Structures are given as C-alpha cells and as structure tokens.
Amino acid sequence: MSWLGDKTERFRHVPNPYFATHITAKFLAGVGLGLLFAIWLPLWTGWIFIVAALLIAIPSVRIVLGK
C-alpha cells in the first residue's frame, strides 16, 4: 500500500471525538485563511483562528500520522 493509502486507512479508524475535532480544526483553519485573504479584519484576527485550528488538530494528526 502507498503512503497516502496507509494514512487514509488510519484516518478511517480515528475515533469519532477525534474526527469531530479534526473537522472543527479544518473549519477554523478555513475561516482563518479566509479572514487573512479578505482583509476585512485586522491581520492578527486571522492568525488567531489558524493557531486555534492547529492546536485543535494535534490529537487527530498524531493518530493519523503516528506509527
């Protein structure tokens, strides 16, 4: 199996709470990037969403990318 196939298979076995936090982190990252690109709010507001998304995604990323 390829590296990507292996990681996809691991992602399918992630417990539901971690899956929910992963989706939440992706949503917050999208909001943060959207705010950065839109320039509707000050620059630091987008970075807050991106940092929060990275912190929330740590548990699910450890499961998917762990050995």
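These figures come from a predicted structure and were not determined experimentally.
- In terms of heavy-atom proximity, Ala53 sits nearest to Ala29 at CB-N, 3.4 Å.
- Of all heavy-atom pairs spanning Ile56 and Thr21, the tightest one is CG2-O, 3.3 Å.
- Taking CD1 of Ile23 as the start and OH of Tyr18 as the end, the distance is 15.5 Å to the nearest 0.5 Å.
- The two residues Pro59 and Leu55 have their closest heavy-atom pair at CD-O, 4.1 Å.
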